[in-house]
Amino acid sequence: MITRDQIATILEEIALLLELKGENPFKIRAYRTGAEVVQTHSEDLLALAGEEDLKPLEAVKGIGSALAKKFHELVTTGKLAFYDDLKAEFPETIFELFEIQGLGPKKVKALYEELGIDSAASLKTACEKGEVAGLSGFGQKTEKKILEAIAFQEANADQFRMGHVAPQVEEIRDALKAHPQTTRVEVAGSYRRGKETVHDLDFLVATPKPKEIMDFFVSQPFVESVINHGSTKSSIRLEDGLQCDLRAVSPEEYPCALVYFTGSKEHNIALRSLALKQGYSLNEYSLSPAEPKSPKTKTTSQASNVTPKKKPPAIHEEADVYKALGLDYIEPELRENAGEIEAAANHSLPRLVETGNLHGTFHNHTTASDGQNSLREMADAAMELGLEYLGIADHSKSSFQANGLDEKRLLKQVAEIRKLNDEFGKKFRIFAGTECDILKDGTLDFDEATLAQLDYSVASVHSSFTLGEAAMTKRIIKAIESPYITMLGHLTGRLLLKREPYAVDIPAVIDAAAATGTIIELNASPWRLDMDWRWWRLAAEKGVRCSINPDAHRTAALQFLYLGVKSARKGWLTKNDVINCLPLSKIETELQRKRASASK
DNA sequence: GCCGTTTTCGGCCCGACTGTTTTCAGTCG
């Protein structure tokens, strides 16, 4: 049975191929709209498409008679002749060219028709030979930019975004857990540590029958190919190229193995040297008495510091490993050898924020701009997640591409929100806001009189990414100096594995946020996770508060909050650092704090 | 290809930026 996502992918590919053929851009847009609709429409479109009478399907906005017929063909036969014919006209690898930043349909078409370039590899070769610069419409700079974009892609080729592998992690973990011979299962490695991107997945199981688990693992339906198949260790590749390693250990070995395979490498090295100082040897299987050093190596000062061999305490859990070394339990997200071991030794580790601490969230979109669900649908979804409040922040008028709201439409939305809030009573609240564009010179897309009518506002950069660092920093700081800008959205504009962050002096922005009382967003979109976790300790030290925001453009995307929480934890944040851990009864005062103090 | 009609064809989202041009096409948000 074909899925919604598969149909959407087919429609997207049709759109790309039609662009290559120079088709009517509005026809192309219709296919893209169709892809959106099939993914997000609340009715069961696949069921409607299976019917003989397609009238109900055609009644759906964005679907006309042509698309309805194609859906019907896909659902009933699993194929689409129109798509197959179209695809047959071009090599499969042509899609790679669309992934390269700076290349759109026109340039891809020229490259394909003039030079026969049909893959990223052949494009790279042509650029290196200087052939591309000679094409009409291309030049030296374009050629250089293409090479840079290809290099960026190559550098990230084996990397995957945490948020995008999460469903696969769940599937694999569930499959392993369901096996009767596994007593414990966990995903380890950088995924468990909450890294924003990972290059593979490491699973660990405790089992008395490792061989049986290995045979089971390599024969699962999610396996695209088997890389290694041993008796305690196997590696497979998933369809999207992601490598997954599985290690099987005995239940006794499991706690030490989990520490070892969670890493980081630097954290493990520090742990092992700490163990050695205490007379233990720590490896991937056990914590054991350290063997006395041989006379040859005894001359080093470190070896002479080793205390006599002693019997380690019993280890049942991962926490016991840390306890045996005189440490508090260190959460996986903190294991980067960035001071966590010292903090664990003197009992000063932070109590990290948890998803369950969140009472609400800000920065979400609706159909008013480029979101796919209505105000009410977004509110209902937030309530289902157990949240008490939801901040709406649709795009402002300068974001034309996102159907940004002008003052009139914004105030109309505010009125709608107030009306819905009357209906919700005390149990739930929508906060009316905006994602206000920061224009090139740092001025805001709305004047303060307009912003003052909102409950809060997020300021974000969506244009002129190529300003130099000094100008960009000045621009952002100017924007957040407005008393009506409650929080700063996606600080660096990065798109993980796709677009580098723009140049900006992050410590200077953090200082300005501290000085002005501006909250900084941790944008929890799987593409962004921006501001990066590496900066949050500094921000928190300076007294800057964080808001974990999913930047949801559809109800399902509210779930991305958990990614933001993982990143916040990796940045050592506690619930006191995160404003959306405040209950509804207290959040409003917090939103008003900045403008209230400015008016004093 | 969809929509909405002044019911059967015309309109469909705008502007900045870049690099190529020598007045603008292509890409991006």
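Since this is a predicted model, take the numbers as computed values, not measurements. Every chain is numbered from 1 and lettered A, B, ... according to where its sequence line falls, protein lines coming before strand lines.
- At the heavy-atom level, A:Ser398 lies nowhere under 4.0 Å from the strands shown.
- Nucleotide B:dT8 has no partner under the Watson-Crick or G-U criteria, as no pair reaches both atom distances under 3.5 Å.
- Atom P of B:dC17 sits at a distance of 23 Å from the matching atom of B:dT23, rounded to the whole Å.
- When each of A:Gly64 and A:Arg29 is assigned the nucleotide of DNA chain B with its nearest heavy atom, A:Gly64 is the one assigned upstream, toward the 5' end.
- Centre separation under 5.5 Å together with a plane angle under 30° does not hold for the ring of A:Phe400 and the six-membered base ring of B:dC14, so they are not marked as stacked.
- Of the P atoms belonging to B:dT20 and B:dT27, the separation is 13 Å, rounded to the nearest Å.
- Mapping A:Ala59 and A:Gly104 onto DNA chain B via the closest heavy atom, the residue that lands nearer the 5' end is A:Ala59.
- Among the nucleotides B:dG19, B:dG1, B:dG29, the one closest to the side chain of A:Gln401 is B:dG29.
- A distance of about 23 Å separates the P atoms of B:dT5 and B:dG1, rounded to the whole Å.
- Distance noted for atom P between B:dC13 and B:dC2: 15 Å (whole Å).
- A:Ser65 comes within 4.0 angstrom of the backbone, heavy atoms only, and of no base.
- For the C1' atom pair drawn from B:dG11 and B:dT6, the interatomic distance equals 15 Å after rounding to whole Å.
- Side-chain proximity of A:Phe82 to B:dG1, B:dC3, B:dT18: nearest is B:dG1.
- Among the atoms of the strands shown, none is found under 4.0 Å from any heavy atom of A:Ser399.
- The side chain of A:Ala30 sits closest to B:dC2 out of B:dC2, B:dG19, B:dC12.
- B:dA16 and B:dT21 have their P atoms separated by 24 Å, with the value rounded to a whole Å.
- Of the candidates B:dG29, B:dG26, B:dG1, B:dG1 carries the atom nearest the A:Lys27 side chain, counting heavy atoms from C-beta on.
- In this model, the phosphate group of B:dG1 is approached by a side-chain N or O of A:Lys70 to a distance below 4.0 Å at OP1 or OP2.
- For B:dA16, neither phosphate oxygen OP1 nor OP2 lies less than 4.0 angstrom from any side-chain nitrogen or oxygen of A:Lys440.
- A:Ile28 comes within 4.0 angstrom of nothing in the nucleic acid, heavy atoms only.
- Residue A:Phe465 places its side chain closer to B:dG29 than to any other of B:dG29, B:dG19, B:dG1.
- In this model, the phosphate group of B:dT20 is approached by a side-chain N or O of A:Thr142 to a distance below 4.0 Å at OP1 or OP2.
- Relative to the side chain of A:Phe26, the nucleotides B:dC3, B:dG29, B:dG1 differ in distance, and B:dG1 lies closest.
- Closest to the side chain of A:Lys107, out of B:dG1, B:dC28, B:dT27, is B:dT27.
- Note: A:Trp527 and A:His164 have perpendicular aromatic rings, judged against thresholds of 30 and 60 degrees for the angle between ring planes.
- Nucleotides B:dG15 and B:dC9, compared at atom C1', are 29 Å apart to the nearest Å.
- For the side-chain hydrogen bond (donor to acceptor under 3.5 Å, both in side chains) test with A:Ser460, the passing option among A:Glu435, A:Glu521, A:His363, A:His395 is A:Glu435; the others fail.
- Taking the ring centroids of A:Tyr112 and A:Phe90, they lie under the 6.0 Å cut-off.
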Mind listing the N/O atom pairs, protein and nucleotides 22-25 of chain B, below 3.5 Å?
none

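- For A:Ser463 and B:dC17, the shortest distance from a side-chain N or O to OP1 or OP2 is not below 4.0 Å.
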